Protein chains: 2
Amino acid sequence: MTSQAGIEQVLKAASMRVTQPRVAVLSAVAAHPHADTETIISAVREDHPNVSHQAVYDSLRLFTKLGVIRQIQPQGHTARYEARVGDNHHHVVCRQCGKLADVDCAVGGAPCLHASNDHGFSIDEAEVIYWGTCPGCQAANA
Amino acid sequence: MTSQAGIEQVLKAASMRVTQPRVAVLSAVAAHPHADTETIISAVREDHPNVSHQAVYDSLRLFTKLGVIRQIQPQGHTARYEARVGDNHHHVVCRQCGKLADVDCAVGGAPCLHASNDHGFSIDEAEVIYWGTCPGCQAANA
DNA sequence: GAACTTATCTTGACTGATTCAAAATAAGCA
DNA sequence: TGCTTATTTTGAATCAGTCAAGATAAGTTC
């Protein structure tokens, strides 16, 4: 759903205007998985140098709300975005360099979705973040 | 491990000085589970009005590093702290009011700890955050 | 295709949590 | 009791992200 046509479709379905900044932002997120906002701004400006950071922030928030992209924000890091959504995957974060990778949970479809004692909360999502060390940093440590 | 004696023990074991701000901070965290930094600063100042916010930040970071307290930082919220550590429990966050509650994962001891494809990462922790609506907000919505 | 309405963007200032740095203080040792 | 230096205080600085007002352009209507 990240082709030009797909983007327009998503936006129009939500009664949102199809604008150059929005198209550029969504393309950038698709092209740079797990990129932070600054990276996305840079990527967008390669093709559209005049797009403001505010437009990027607005677009990212809009797409996140529409469920087209997903925001990830591990402790101590700025927000990252990815266009891979709706497949219940999680992430590993490297404690040393902050590198992020996708992980399909071993347990199956919807792991950990049911808490044993939910204190009356109505739970709609389980977010899992794995912490560890990436191959690069492991090598550097050795 | 949050008694006065316990605190001293922990600090001394780490070759750290036992100071009033540190003791006050750890007590405050124990007394106010899931409190954010500002709440902790206020709590500390009830007994020790002259403690600086910087000392609180430093102490919180130190205790987090020592593993005596745990930092939780859900998306869109400031850091929270709790003194309950080492028992592999998780948290539910209310999307509306940000309220936070403890949750013991249903799956068992170490749920979701083994990723199916870890991309060569060496994983040491799985952090789970449940998102939903708290009883209070559910009532308010109805 | 031109005019119009208003959502969206640009610009620039601002916020608020957290961090940095230098001088003052007080823990714990001798 | 005095000394050394880890901690704390004080006050400024940073940084991601947000707010607000006017300018622009997407999409609709004629």
Side-chain angles (χ1 to χ4, degrees), chain A residues 4-5 7-29 34-42 44-45 47-66 68-69 71-81 98, chain B residues 4-5 7-26 28-29 34-45 47-66 68-69 71-81 98:
Chain A
Q4 173 85 30
I7 295 172
E8 294 189 10
Q9 210 176 337
V10 167
L11 287 170
K12 284 182 175 159
S15 308
M16 295 293 166
R17 290 187 182 170
V18 178
T19 66
Q20 291 206 351
R22 284 177 178 169
V23 172
V25 166
L26 190 44
S27 302
V29 173
H34 306 145
D36 60 13
T37 309
E38 196 180 350
T39 303
I40 293 166
I41 292 175
S42 301
V44 165
R45 287 184 176 161
D47 288 329
H48 304 81
N50 299 320
V51 171
S52 66
H53 75 144
Q54 190 61 240
V56 174
Y57 273 100
D58 285 348
S59 300
L60 288 173
R61 182 151 44 167
L62 174 64
F63 286 128
T64 302
K65 194 177 113 197
L66 294 181
V68 184
I69 65 175
Q71 190 193 44
I72 315 146
Q73 190 165 19
Q75 302 230 4
H77 296 274
T78 56
R80 323 263 191 104
Y81 296 88
Chain B
Q4 174 85 30
I7 295 172
E8 295 190 9
Q9 209 177 338
V10 167
L11 287 170
K12 284 182 174 160
S15 307
M16 295 292 165
R17 290 187 182 169
V18 178
T19 67
Q20 290 205 353
R22 284 177 179 168
V23 173
V25 166
L26 190 44
V29 173
H34 307 145
D36 60 13
T37 309
E38 196 180 350
T39 302
I40 294 167
I41 291 175
S42 301
V44 166
R45 287 184 176 160
D47 289 328
H48 304 81
N50 298 320
V51 170
S52 66
H53 75 144
Q54 189 60 241
V56 175
Y57 273 100
D58 285 348
S59 300
L60 287 173
R61 181 150 45 168
L62 173 64
F63 287 128
T64 301
K65 194 177 113 198
L66 294 180
V68 184
I69 66 175
Q71 190 193 45
I72 315 145
Q73 190 165 19
Q75 302 231 4
H77 295 275
T78 57
R80 322 264 192 104
Y81 296 88

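Each chain gets a letter, A, B and so on, in the order the sequences are listed, and its residues count up from 1. Everything numeric here is computed off the predicted structure, so don't read it as measured data.
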Q. Does the B/Q71 side chain pair with the main chain of A/Q75, one donor and one acceptor, at a distance under 3.5 Å?
A. no
Please name the pair of heavy atoms, one in [X] and one in [Y], separated by the smallest distance, quoted to 0.1 Å.
| X | Y | value |
| --- | --- | --- |
| A/F63 | A/R22 | CE1-O, 3.4 Å |
| A/Q73 | B/G76 | OE1-N, 4.3 Å |
| A/A28 | A/V44 | CB-CG2, 3.9 Å |

Q) From the 5' end of DNA chain C to its 3' end, which nucleotides mark the outer limits of contact with chain A, defined by a 4.0 Å heavy-atom distance cut-off (strictly under)? A) C/dT6 to C/dG12
Grab the [atom1]-[atom2] distance between [X] and [N] for me, whole Å please.
| X | N | atom1 | atom2 | answer |
| --- | --- | --- | --- | --- |
| A/L62 | D/dG17 | CG | P | 17 Å |
| A/R80 | D/dA16 | CZ | P | 13 Å |
| A/R17 | D/dT24 | CZ | P | 15 Å |
| B/D58 | D/dT9 | CG | P | 10 Å |
| B/Y57 | D/dG11 | OH | P | 18 Å |
| A/H77 | D/dC15 | NE2 | C1' | 15 Å |
| B/N50 | D/dG11 | CG | P | 13 Å |
| B/H53 | D/dT7 | NE2 | C1' | 14 Å |

Q.
At less than 4.0 Å, is any side-chain N or O atom of A/T37 found next to OP1 or OP2 of D/dG17? Yes or no.
A. yes
Q.
Which is more 5' along DNA chain C, the nucleotide nearest B/V18 or the one nearest B/E38? Just name the residue.
A. B/E38
Q. So what does A/T78 hit on the nucleic acid, given a heavy-atom distance under 4.0 Å: a base, only sugar-phosphate, or nothing?
A. sugar-phosphate
Q: From the options D/dT7, D/dG17, D/dT10, select the nucleotide whose nearest atom is closest to the side chain of A/Q73.
A: D/dG17
(Q) Heavy-atom count check: over 12 atoms from other residues, nucleotides or ligands less than 6.0 Å from A/Q20 CD? (A) no
Q.
With side-chain contact (heavy atoms from CB on, under 4.5 Å) as the test, pick out the partner of B/V68 among B/V29, B/I7, B/V10, B/L11.
A. B/V10
(Q) Using side-chain heavy atoms (C-beta onward) and a distance below 4.5 Å, is A/T78 in contact with A/T37? (A) no
